[in-house]
Amino acid sequence: IKGPLDVGNYTVSAFYRESTYYTEIFNYTSFQVVNELVKKLTVNETVYLGDNVDFVVIVNNTNNFTLHNVTITEIFNTAELQYVNHTNSRLWIINSTYYINKTVDGKKVNYTCIVFKYQGDLAGNSSANFTITFNTLTTGTLVNTVNLTTNETGNKTMSASNKTKV
């Protein structure tokens with residue numbers, strides 16, 4: 001197969017017949033290729049220092065199979081944004097919060113990571129969303145990112161980011 005695979009379920013099989021030198025071997029593996037699933041939209045692209053800014057996170061399952069264990073991780077610079085609240089809290093609960101440090105342009109930057117867990121499974125050809133609100137703590141162009149994982153995406157994390165000018 002050359003080039004990227006289309007969305008769908010695949011099984012790869014390998015078979016080697018027994019010979020005088022080798023025992024018969026049969027091996028197969030199955031996997032899924034999924035569409036990009038997450039988008040993040042800025043509701044108010046320009047705000048003033050101290051104002052709240054809203055982002056809509058959309059998980060759009062355009063696949064023909066159900067997604068299980070849908071998790072969104074919101075990652076933001078702790079010195080730039082402060083979490084206020086989110087909508088659809090009955091369907092999207094905060095599962096955990098943790099902190100990471102990265103060096104950016106030679107400076108240590110602290111990030112907050114809030115993990116939102118979707119309550120239930122997300123059927124094929126359906127979507128789920130929530131709006132997250134932050135308070136702005138500094139001026140400039142602020143960037144934050146969401147990462148999506150599901151059982152079906154395996155080790156692949158899908159990301160979406162956006163910018164807000166303060």
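Quick caveat: nothing in here was measured; it's all calculated off a predicted structure.
- Taking CD from Glu45 and OG1 from Thr141, the interatomic distance works out to 11.5 Å, rounded to the nearest 0.5 Å.
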Item checked: Verdict with reasoning, Lys40 to Asn144, per side chain to side chain donor-acceptor pair (under 3.5 Å) -> CA-CA 10 Å; Lys40 187 170 188 184; Asn144 66 334; 3.2 Å; yes

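- Shown are Thr66, Asn69, Leu67; of these, the side chain to side chain contact (heavy atoms under 4.5 Å, CB included) with Asn151 is made only by Asn69.
- Taken together through direct or relayed side-chain contacts under 4.5 Å among Ile, Leu, Val, Met, Phe, Trp and Tyr, Val166 and Leu41 form parts of separate hydrophobic clusters.
- The CG atom of Asn63 sits 9.0 Å away from the OG1 atom of Thr150 when rounded to the nearest 0.5 Å.
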Item checked: Stepwise side chain to side chain contact (heavy atoms under 4.5 Å, CB included) test for Tyr83 and Thr112 -> CA-CA 9 Å; Tyr83 170 78; Thr112 301; over 6 Å; no

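- When side chains are defined from C-beta on, Asn147 counts as touching Thr145, because their heavy atoms get closer than 4.5 Å.
- For the atom pair CG (Asp121) and CD (Glu152), the distance works out to 8.0 Å, reported to the nearest 0.5 Å.
- Val146 is listed as a side-chain neighbour of Val38, based on a closest heavy-atom distance under 4.5 Å.
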Next item on the list: Might you work through the ring-ring contact (aromatic ring centres under 6.0 Å, His included) test for Phe76 and Tyr111, ending with a clear yes or no?
Entry: CA-CA 5 Å; Phe76 58 95; Tyr111 291 91; 8.7 Å; no

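- In this structure, the side chains of Ile72 and Phe130 come closer than 4.5 Å at one or more pairs of heavy atoms.
- At a threshold of 4.5 Å between side-chain heavy atoms, the hydrophobic network of Ile, Leu, Val, Met, Phe, Trp and Tyr places Val115 and Val59 in two separate groups.
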Check: Please walk me through it: do Thr164 and Val47 pass side chain to side chain contact (heavy atoms under 4.5 Å, CB included)?
Finding: CA-CA 8 Å; Thr164 300; Val47 296; 4.0 Å; yes

Checklist line | Residues Leu142, Thr136; criterion side chain to side chain contact (heavy atoms under 4.5 Å, CB included); working and verdict | finding: CA-CA 9 Å; Leu142 312 182; Thr136 56; 4.3 Å; yes

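- A ring-ring contact (aromatic ring centres under 6.0 Å, His included) with His86 holds for exactly one of Phe116, Phe55, Phe134; it is Phe116.
- Scanning for side chain to side chain contact (heavy atoms under 4.5 Å, CB included) contacts around Thr133 gives Asn52, Asp54, Val84, Asn85, with sequence neighbours left out.
- Contact of the Leu81 side chain with the Leu137 side chain is not registered, since no non-hydrogen atoms from C-beta on lie closer than 4.5 Å.
- Linking Ile, Leu, Val, Met, Phe, Trp and Tyr residues whenever their side-chain heavy atoms come within less than 4.5 Å leaves Leu37 and Ile75 in two separate clusters.
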Next item on the list: Quick one: do Val43 and Val56 satisfy side chain to side chain contact (heavy atoms under 4.5 Å, CB included)? Show the steps, please.
Entry: CA-CA 7 Å; Val43 175; Val56 178; 3.7 Å; yes

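- Applying the side chain to side chain donor-acceptor pair (under 3.5 Å) definition to pairs two or more places apart or across chains, none involves residues 91-101.
- From Asp51, atom CG reaches atom CG of Leu49 across 8.0 Å, with rounding to the nearest 0.5 Å.
- Between Leu122 and Val70, the shortest heavy-atom contact is CB-CG2, 4.3 Å.
- Counting only distance, with no hydrogens or angles, the side chain of Gln119 and the backbone of Lys117 share a donor-acceptor pair below 3.5 Å.
- Residues Ile132 and Ile58 fall into different hydrophobic clusters, defined by Ile, Leu, Val, Met, Phe, Trp and Tyr side chains chained together at heavy-atom separations under 4.5 Å.
- When every heavy atom of Gly50 is checked against every heavy atom of Asn135, the shortest pair comes out as O-ND2, 2.7 Å.
- Checking each of Leu91, Thr87, Asn60, Asn88 against Asn129 for a side chain to side chain contact (heavy atoms under 4.5 Å, CB included) leaves exactly one that passes, namely Asn88.
- Within a 6.0 Å sphere centred on NZ of Lys39, heavy atoms belonging to other residues, nucleotides or ligands number 12 at most.
- Counting heavy atoms from C-beta outward, Asn110 and Lys108 have side chains that approach closer than 4.5 Å.
- In the hydrophobic cluster analysis, where Ile, Leu, Val, Met, Phe, Trp and Tyr join through side-chain heavy atoms closer than 4.5 angstrom, Val104 is grouped together with Ile100.
- At least one donor-acceptor pair under 3.5 Å links the side chain of Asn77 to the backbone N or O of Ala79.
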